[in-house]
Number of protein chains: 2
Amino acid sequence: MGRSPLWTAIRDRLSEEIADGHYAPGDKLPTEAKLAERFGVNRHTVRRALADLAETGTIHARRGAGVFVRHRPTPYPIGRRVRFHQNLTAAGRVPEKRILHLETRAAGPDEAEALSLDDGAEVHVYEGLSLSDGAPIALFRSVFPAARFPQMLRALQATQSVTQAFKANGLDDYTRARTTITAKTASPTLATHLHLPGGAAILRTVGVNVDAAGRPVEYGRTWFAGDRVALTLGEDG
Amino acid sequence: MGRSPLWTAIRDRLSEEIADGHYAPGDKLPTEAKLAERFGVNRHTVRRALADLAETGTIHARRGAGVFVRHRPTPYPIGRRVRFHQNLTAAGRVPEKRILHLETRAAGPDEAEALSLDDGAEVHVYEGLSLSDGAPIALFRSVFPAARFPQMLRALQATQSVTQAFKANGLDDYTRARTTITAKTASPTLATHLHLPGGAAILRTVGVNVDAAGRPVEYGRTWFAGDRVALTLGEDG
DNA sequence: GCATATTTGTCCGTATGTATA
DNA sequence: GTATACATACGGACAAATATG
């Protein structure tokens with residue numbers, strides 16, 4: 001016997017095989033009995049190793065079903081330049097957006113303040129669903145100053161892309177000025193939209209995009225499914 | 001028997017007694033055998049409950065000595081992570097850090113990968129609680145390569161500051177290379193530790209700090225109370 | 001819908017190693 | 001050195017959830 005416990009070696013071996021792709025995300029691991037037989041140990045020793053892997057979120061056990069490799073959350077960079085389509089394609093995912101609602105209305109107080117608008121100024125509102133490989137990962141609501149981007153809704157209707165819509169309205173580039181991140185539990189309606197169980201954890205981001213001159217052009221709120229996305233800061237995800 | 005496992009009742013009972021002050025911080029719990037006798041269960045059932053309490057740092061077991069309550073307040077309110085301290089003081093809050101646990105052990109697979117260490121390499125572990133105006137806002141666990149920073153634990157014990165501990169170990173500057181943020185619901189024990197209702201939303205951040213040469217020097221995981229903290233990016237954050 | 005096998009979760013009992021007092 | 005107490009590992013049994021026919 002070495003200095004380190006038996007179960008750590010089993011944990012490391014399984015961790016390697018998962019990292020190597022021998023067990024892909026969503027795959028079912030062999031049963032605890034099979035693993036115990038393979039490693040020549042008691043089932044409880046295997047369970048100790050699996051418990052450690054579950055603690056770090058590598059695997060997930062379902063009673064009566066088996067032990068499964070967790071899907072790695074979609075990495076979503078939220079640095080200075082936030083681009084949904086670019087983010088997901090870079091991660092090897094297939095991005096998709098679904099329009100839930102488009103309208104023009106008077107800005108609320110928080111929206112007016114974020115966009116530096118006068119009270120009663122009108123904003124375009126873009127509500128939609130973001131999907132990664134067909135699975136919904138976020139619900140978003142973006143508001144834009146209507147006076148400055150009169151054709152915004154038409155462009156959004158056509159492309160569903162904020163970046164493209166801005167270009168069609170004469171804005172070639174924009175950057176994220178600030179982002180605020182909080183966590184909350186999913187409301188029933190939010191849960192149904194994101195296909196989550198009630199009470200699931202939600203990542204809520206609130207951000208303001210500005211043009212080159214620093215003027216706010218978009219005030220966006222996004223509710224991410226907490227277990228399907230990982231917001232990343234820095235160079236790699 | 002109720003629908004919930006026996007050990008959860010024992011965990012909850014012990015957690016209450018610790019919260020009520022029946023067992024004060026630093027106190028030694030009765031031995032596992034005594035607890036087993038008291039609750040009329042097997043010793044392993046008590047151990048399952050203790051393991052859950054130890055996972056979030058409520059208690060700490062010392063082989064040969066006993067199980068101790070860890071929630072000991074630190075007498076040194078100064079010295080903390082730079083961003084944590086700067087952010088809270090800038091917000092008009094009083095920041096505080098409490099050391100929950102310090103140890104040296106072999107790195108897990110994820111820790112070894114994040115720190116670019118060989119299998120079996122040792123890491124120093126720093127677990128603690130971050131408070132704002134006396135209220136806990138986050139639980140954190142940082143690991144450092146032990147070979148490079150042999151005196152890390154001693155320095156942390158003295159200053160509670162990662163920055164100062166690094167300086168004491170010859171590292172004058174370090175930067176955050178990447179951070180990932182996910183959301184999850186609080187486990188019962190984590191909720192108790194952060195004084196949150198069960199099932200509350202948790203912001204989980206995982207980050208790596210590197211030196212000027214880009215070598216990883218710290219791998220940190222933090223669990224924020226989702227409704228008490230708002231991570232902000234941009235400006236000078 | 002229902003019965004049955006499978007698989008994980010829980011609990012008990014025992015033995016031995018190892019760090020601490 | 002001795003006693004104590006936690007850590008590890010094994011073995012068995014049953015319950016609960018799931019999958020399968």
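Values below: every heavy atom of this structure, side chains too, minus hydrogens, waters and symmetry copies. All chains are named by letter (A, B, ...) in the order of the sequence lines, taking the proteins before the strands, and each is independently numbered beginning at 1.
The distance between atom CD1 of A/Ile59 and atom C1' of C/dT8, rounded to the nearest whole Å, is 12 Å. In this entry the distance linking CD1 of A/Ile10 with C1' of D/dT8 reads 12 Å, nearest Å. Atoms CZ (A/Phe68) and P (C/dT6) sit 16 Å apart, rounded to a whole Å. Put simply, NZ on A/Lys28 is 12 Å from P on C/dT6, counting in whole angstrom units. For A/Glu37 and D/dG11, the CD to C1' distance is 16 Å, given to the nearest whole Å. Atom CD of A/Glu32 and atom C1' of C/dT7 are 8 Å apart (whole Å).
Geometric assessment of A/Lys97 against the ring of A/Phe140 yields a positive cation-pi assignment under the 6.0 Å and 45° thresholds.
On a pure distance criterion of 3.5 Å, no polar donor-acceptor pair joins the side chain of A/Arg43 and the base of D/dG12. Below the 3.5 angstrom threshold, one finds no donor paired with an acceptor across the side chain of A/His44 and the base of C/dG9.
Of all heavy-atom pairs spanning A/Leu196 and A/Ala225, the tightest one is CD1-CB, 3.8 Å.
The OG1 atom of B/Thr45 lies 12.0 Å from the CG atom of B/Leu35; values are rounded to the nearest 0.5 Å.
A/Thr45 has a side-chain polar atom (N or O) that falls below the 4.0 Å cut-off from OP1 or OP2 of D/dC10. B/Asn42 has a side-chain polar atom (N or O) that falls below the 4.0 Å cut-off from OP1 or OP2 of C/dG13.
Among C/dC12, D/dA9, C/dG9, the nucleotide with an atom closest to any side-chain atom of A/Leu6 is D/dA9. Listed nucleotides: C/dT8, D/dC10, D/dC6. Nearest to the side chain of B/Arg47: D/dC6. Closest contact between the side chain of A/Ala65 and the listed nucleotides C/dT8, D/dA19, D/dC6 involves D/dA19.
Comparing A/Thr8 and B/Leu29 against DNA chain D, the residue whose closest nucleotide sits nearer the 5' end is B/Leu29.
Between the side chains of B/Arg154 and B/Gln151, a donor-acceptor pair is found at a separation under 3.5 Å.
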